Amino acid sequence: MASSSSSLLHQSSIFTSIPANPNISQSHQIQLPHPFFQIPRKPHFQKLLPFLRCASSGTAMNSSQNDLKNSEKEVKLWGGRFEESVTEIVEKFTESISFDKALYKHDIMGSRAHASMLAHQGLINVEDRDSIIHGLDEIEKRIEAGEFVWRSDREDVHMNIEAALTDLIGEPAKKLHTARSRNDQVSTDFRLWCRDAVDEILKKIKKLQASLVTLALKNEGLIVPGYTHLQRAQPVLLEHLLLAYVEQLERDAGRLTDCRARLNYCPLGACALAGTGLPIDRFMTSDALGFTAPLRNSIDAVSDRDFVLEFLSANSITAIHLSRLGEEWVLWASEEFGFLTPNDSVSTGSSIMPQKKNPDPMELVRGKSARVVGDLVTLLVLCKGLPHAYNRDLQEDKEPVFDSVKTIVGMLEVSSEFAQNVTFNRNKIQNSLPAGHLDATTVADYLVKKGVPFRTGHDIVGRAVAFCVSKGCQLQDLTLDELKSISPVFSEDVYDYLGVENSVRKFSSYGSTGSECVSSQLDFWAAQLEIDRSAYNHQ
């Protein structure tokens with residue numbers, strides 16, 4: 001059955017394939033003893049987004065589903081040693097079903113794999129396994145049809161599904177939790193959910209990169225002022241600036257890919273913290289769920305939330321990059337700059353000022369970055385004082401993650417949409433270029449080529465700029481005699497270095513804003529993102 005395992009493992013990956021683990025023996029490869037053991041293999045994170053938005057909003061659940069004041073409460077699945085039920089205030093405070101129901105699909109995936117493993121190991125019989133899997137299939141259908149009743153007295157997604165399974169199939173459902181705790185169950189569900197979320201974010205990053213590269217190709221050759229300290233510095237090609245954001249996004253994707261690799265280890269079978277004395281096969285469930293391998297240490301398996309911290313850290317850095325893009329484009333859309341005009345389709349107006357056209361989507365990208373960073377800080381503070389192993393505090397790890405993912409997906413989507421609906425105002429940009437002496441550093445390089453030490457050349461050009469300021473002109477407007485009065489090193493060929501067009505042409509170092517360098521960068525990214533560059537050769 002090794003070939004079936006390999007196929008199953010391959011299908012489980014949505015964005016990047018998970019390499020087979022050479023350290024896992026053939027005897028540990030997943031076997032599929034029954035056709036009902038089918039782990040869903042299609043991407044389902046998109047399908048969960050509307051559900052996630054509802055779950056993470058904190059909105060109270062429908063009273064018909066959750067207000068049990070007028071009905072008799074059932075005994076908790078863990079209630080054997082208790083003589084009385086919890087109070088309504090405690091129940092309301094400790095429930096998590098209002099948000100962790102977003103994990104339902106991954107919880108069912110894990111239970112299918114677990115039930116199949118239990119049967120394979122002889123811990124339950126084949127008939128019970130089939131009944132459990134049939135029941136789980138039915139529950140999943142009811143959830144997706146909106147027919148499933150989520151009950152707050154059943155606390156969380158795990159106990160809601162298990163209790164519903166017991167209601168549906170009876171005694172066999174009571175065997176499903178054999179060699180499993182909610183501690184390893186929730187960690188497994190959460191890793192599966194985060195893995196899908198990473199894959200979805202990676203797709204959104206790639207789409208934004210493609211939008212920025214396309215925008216660069218549409219504006220190839222357009223020179224804009226480059227800024228340092230928000231003061232004019234040197235001329236750069238617009239496509240060079242846009243590709244800077246593409247490079248940042250590529251690092252974001254790399255961090256998420258690394259995070260995915262580290263989170264892709266399976267906690268299932270670690271139980272509460274110490275493992276189990278029952279003859280389970282953790283490699284079997286790990287393979288079935290597309291994990292690289294089981295986590296080695298059962299205590300670490302149930303208490304680790306490094307994967308969440310790393311995930312939210314990667315999201316936060318991405319959010320900061322998007323915020324910087326938003327800030328730049330908001331500035332460029334202002335009357336003071338006037339470099340960029342967003343289409344009406346990505347702009348909003350004012351309730352009182354009829355002339356206003358605001359780039360609100362990018363302002364909100366800038367603003368929502370605070371939420372993503374805040375979600376990370378929440379998790380860092382949550383985890384900072386926890387002893388090993390599992391603690392109930394970790395129930396609070398879900399909502400910040402759900403919010404971070406929902407927010408970063410939205411930020412990436414709207415940034416891509418905005419990039420596809422903006423126009424750069426060539427005339428306004430070109431008319432603004434003479435201001436600021438953007439070619440000054442190029443003139444300093446010219447003097448270096450003439451044998452002048454850079455610091456001396458820097459001083460000479462600085463005096464030339466001061467002379468221009470006193471005359472109200474640009475460096476290229478100075479006569480050769482005026483230049484020679486500042487330094488005799490200047491000769492007629494200096495005019496090949498003056499002006500922004502000449503300045504850009506002189507850049508030649510790897511990664512620079514020189515035309516040939518940037519053209520090479522565009523070639524690279526067009527190939528990476530499978531964009532037909534020939535469609536933009538008319539520029």
Side-chain angles (χ1 to χ4, degrees), residues 216 219-248 324 327-328 331-332 336-339 424 426-524:
N219 292 276
E220 198 166 356
L222 178 59
I223 300 172
V224 298
Y227 294 84
T228 62
H229 308 278
L230 207 54
Q231 303 296 315
R232 291 192 166 208
Q234 292 178 277
V236 298
L237 290 168
L238 174 62
E239 58 265 37
H240 192 210
L241 178 59
L242 293 173
L243 290 179
Y245 286 106
V246 175
E247 295 284 354
Q248 289 181 332
R324 294 182 67 184
E327 168 70 5
E328 191 148 70
L331 284 175
W332 281 26
E336 284 69 24
F337 280 80
F339 292 173
F424 289 97
R426 286 177 171 266
N427 290 338
K428 184 72 176 282
I429 292 170
Q430 288 168 351
N431 290 337
S432 75
L433 287 173
H437 311 288
L438 296 172
D439 50 356
T441 306
T442 311
V443 179
D445 290 344
Y446 162 83
L447 292 172
V448 169
K449 291 178 181 179
K450 294 287 187 179
V452 177
F454 178 78
R455 280 298 167 206
T456 303
H458 186 286
D459 180 71
I460 291 170
V461 177
R463 287 188 280 117
V465 168
F467 184 63
C468 288
V469 170
S470 69
K471 286 191 63 177
C473 69
Q474 301 302 315
L475 287 168
Q476 62 185 343
D477 299 326
L478 297 178
T479 66
L480 184 57
D481 286 340
E482 287 172 324
L483 288 168
K484 283 183 173 292
S485 70
I486 298 168
S487 172
V489 178
F490 286 114
S491 60
E492 190 67 35
D493 59 353
V494 71
Y495 291 101
D496 292 335
Y497 290 77
L498 293 172
V500 293
E501 291 83 4
N502 286 334
S503 182
V504 166
R505 277 195 288 269
K506 296 300 180 182
F507 287 102
S508 58
S509 62
Y510 177 78
S512 72
T513 202
S515 301
E516 290 185 7
C517 300
V518 174
S519 180
S520 177
Q521 292 174 44
L522 276 172
D523 286 340
F524 171 81

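We number each residue from 1, following the sequence as shown. What you see is a predicted model, and the numbers here were worked out from it, not measured in a lab.
Residues Lys450 and Asp493 are paired through a salt bridge, judged by an N-O separation under 4.0 Å between the basic side chain and the carboxylate. Salt bridge Arg463/Asp459: present, at least one basic N to carboxylate O contact under 4.0 Å.
Using modelled atom types, no side-chain atom of Arg232 and backbone atom of Pro225 make a donor-acceptor pair closer than 3.5 Å. Checking side-chain atoms of Thr479 against main-chain N and O of Glu482 turns up a donor-acceptor pair under 3.5 Å. Side-chain atoms of Asn502 come within 3.5 Å of backbone atoms of Tyr495 as a donor-acceptor pair (strictly under, hydrogens ignored).
The minimum heavy-atom distance between Ala464 and Leu478, with the atom names listed, is O-CD1, 4.3 Å. Across Val236 and Thr513, no two heavy atoms sit closer than the pair CA-OG1, 3.3 Å. Nearest heavy-atom pair, Ala440 versus Leu475, reported as atom, atom and distance to 0.1 Å: CA-CD1, 3.8 Å. The two residues Ile223 and Glu501 make their nearest non-hydrogen contact at CD1-CA, 3.9 Å. Nearest heavy-atom pair across Ile460 and Ile486 is O-CG2, 3.7 Å. The heavy-atom pair separating Leu438 from Leu433 by the smallest distance is CD1-O, 3.6 Å.
Within the 4.5 Å cutoff, the side chain of Asp477 has no heavy atoms near those of the Lys471 side chain. The side-chain heavy atoms of Phe339 and Val224, taken from C-beta on, include no pair separated by under 4.5 Å. Tyr446 is not listed as a side-chain neighbour of Asp439, based on a closest heavy-atom distance of 4.5 Å or more. Residues Phe454 and Leu447 have side chains not in contact (no heavy-atom distance under 4.5 Å, counting atoms from C-beta outward). Annotation: side chain of Gln476 is not in contact with side chain of Ser503 (no heavy-atom distance under 4.5 Å). Leu230 has its side chain within reach of Leu331: a pair of non-hydrogen atoms, C-beta onward, lies under 4.5 Å apart. Between Leu522 and Glu239 the shortest side-chain heavy-atom distance falls below 4.5 Å. Using a 4.5 Å heavy-atom threshold, the side chains of Gln234 and Thr228 count as separate.
Atom CD of Glu516 sits in a sparse spot, with 12 or fewer heavy atoms from other residues, nucleotides or ligands closer than 6.0 Å.
Looking at residues two or more places apart in sequence or on another chain, you find a side chain to side chain contact (heavy atoms under 4.5 Å, CB included) between Glu247 and Arg251, Trp525.
Ser515 contributes atom OG, which lies 11.0 Å from atom NE2 of His240 (distance to the nearest 0.5 angstrom). Distance check: Tyr227 OH to Glu328 CD gives 9.0 Å after rounding to the nearest 0.5 Å. Distance check: Leu222 CG to Ile429 CD1 gives 4.5 Å after rounding to the nearest 0.5 Å. Rounded to the nearest 0.5 angstrom, Phe507 CZ and Thr441 OG1 are separated by 7.0 Å. We find the OG-CG distance between Ser491 and Leu483 to be 10.0 Å, quoted to the nearest 0.5 Å. Note that the CG atom of Leu237 and the OG atom of Ser512 stand 9.0 Å from one another [nearest 0.5 Å].
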Step by step, would you call His437 with Val461 a side chain to side chain contact (heavy atoms under 4.5 Å, CB included)? CA-CA 10 Å; His437 311 288; Val461 177; over 6 Å; no
Which is it for Asn219 and Arg426 under the side chain to side chain contact (heavy atoms under 4.5 Å, CB included) test, yes or no, and what are the steps along the way? CA-CA 9 Å; Asn219 292 276; Arg426 286 177 171 266; 4.3 Å; yes
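Side-chain contact of Arg505 with Thr442: a donor-acceptor pair under 3.5 Å is absent, judged by distance alone.
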